[in-house]
Amino acid sequence: MPFLLAVAGLIITGLTGWIRYGNGLAHLDHALNDLRRDRRRRAGDVQQCLAPLRSMRNPADAAGVLMMLVARQRGLATPEQEHEILSRMRSVTAASEEDLATRMAVIRHAADQTREPQLAIRAVAPLLHDRLTPSEVEDLVDMLRAVASVHGGPTAAQN
């Protein structure tokens, strides 16, 4: 027991000397600043990734992003899944083919920027909640299920 107290005293004396005479406070300050900077950088990266989703004003585009994210739960979206998304987008929007191609480019970009589907859902949820009626919400769920079932039914992640 006295040996452990002597070791603890030696460690405390060494730390006190390092902090007081060996620029220990400067080292600790740099380490804390690095931690704070990394935390701010990660938060900024998340905000940057969610910016395309938060800038959306049309619930159809937000629904398209959700469908694309559901399709990508299996990996890259296949042409069959993209065809299903396009057909579903045609059914909910009265857009020309050129406008629909532009929307799909925006949807792909927003889905590419999204790293975590849960963050994307939280980002578009207020828009969908405010602008969709209960019947439109049911239609959205049906669209998501249709995209998920393109290749033999939905996976656990897609559910």
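Remember, it's a predicted structure, so these values are computed and weren't measured experimentally.
Closest approach of Leu127 to Ala62, counting heavy atoms only: CD2-CB, 3.9 Å. Across all non-hydrogen atoms, the minimal contact from Met89 to Gly64 is SD-CA, 3.9 Å.
Arg42 and Asp45 are not joined by a salt bridge, as no carboxylate oxygen comes within less than 4.0 angstrom of a charged side-chain nitrogen.
Interatomic distance, Trp18 CH2 to Leu25 CG, rounded to the nearest 0.5 Å: 8.0 Å. Summarising the geometry, atom CG belonging to Leu15 is positioned 13.5 Å from atom CZ belonging to Arg20; distances are rounded to the nearest 0.5 Å. Considering CE of Met143 and CZ of Arg88, their distance stands at 7.5 Å, rounded to 0.5 Å. Here Arg39 contributes atom CZ and Asp34 contributes atom CG; the two are 12.0 Å apart, rounded to the nearest 0.5 Å. The distance from the CD1 atom of Ile85 to the CD atom of Glu82 is 6.0 Å, given to the nearest 0.5 Å. Leu53 CG to Thr114 OG1: the interatomic distance, rounded to the nearest 0.5 Å, is 4.0 Å.
One hydrophobic cluster, built from ILVMFWY side chains closer than 4.5 Å, holds both Phe3 and Ile11. Under the 4.5 Å side-chain heavy-atom criterion for Ile, Leu, Val, Met, Phe, Trp and Tyr, Met67 and Val106 are members of the same hydrophobic cluster. Val150 and Leu66 end up in different hydrophobic clusters when Ile, Leu, Val, Met, Phe, Trp and Tyr side chains are linked at under 4.5 Å.
The shortest distance between side-chain heavy atoms of Asp38 and Arg41 falls below 4.5 Å. Val137 places none of its side-chain heavy atoms less than 4.5 Å from the side chain of Leu128. Under the 4.5 Å side-chain criterion, counting only non-hydrogen atoms from C-beta, Arg115 is not in contact with Leu119. When side chains are defined from C-beta on, Met68 does not count as touching Val147, because their heavy atoms never get closer than 4.5 Å. No side-chain heavy atom of Val124 sits less than 4.5 Å from a side-chain heavy atom of Val65.
The backbone N or O of Ala60 lies less than 3.5 Å from no partner atom in the side chain of Arg131, so there is not a single donor-acceptor pair. Arg57 places a side-chain N or O within donor-acceptor distance of the main-chain N or O of Arg54, the cut-off being under 3.5 Å.
A donor and an acceptor atom, one from each side chain of Arg72 and Gln81, are nowhere located under 3.5 Å apart.
A 6.0 Å sphere centred on NE2 of His27 holds more than 12 heavy atoms belonging to other residues, nucleotides or ligands. Within 6.0 Å of the CG atom in Leu5, the count of heavy atoms belonging to other residues, nucleotides or ligands exceeds 12.
Residues in residues 135-159 take part in no salt bridge (charged side-chain N to carboxylate O under 4.0 Å, His left out) pair, two or more places apart or across chains.
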Evaluation steps, side chain to side chain contact (heavy atoms under 4.5 Å, CB included), between Asn58 and Arg103: CA-CA 10 Å; Asn58 190 341; Arg103 280 185 179 208; 2.8 Å; yes
Trace of the side chain to side chain contact (heavy atoms under 4.5 Å, CB included) decision for Asn33 with Asp29: CA-CA 6 Å; Asn33 282 336; Asp29 189 41; 3.7 Å; yes
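In this structure Ser149 satisfies the side chain to side chain contact (heavy atoms under 4.5 Å, CB included) test together with Pro154, sequence neighbours excluded.
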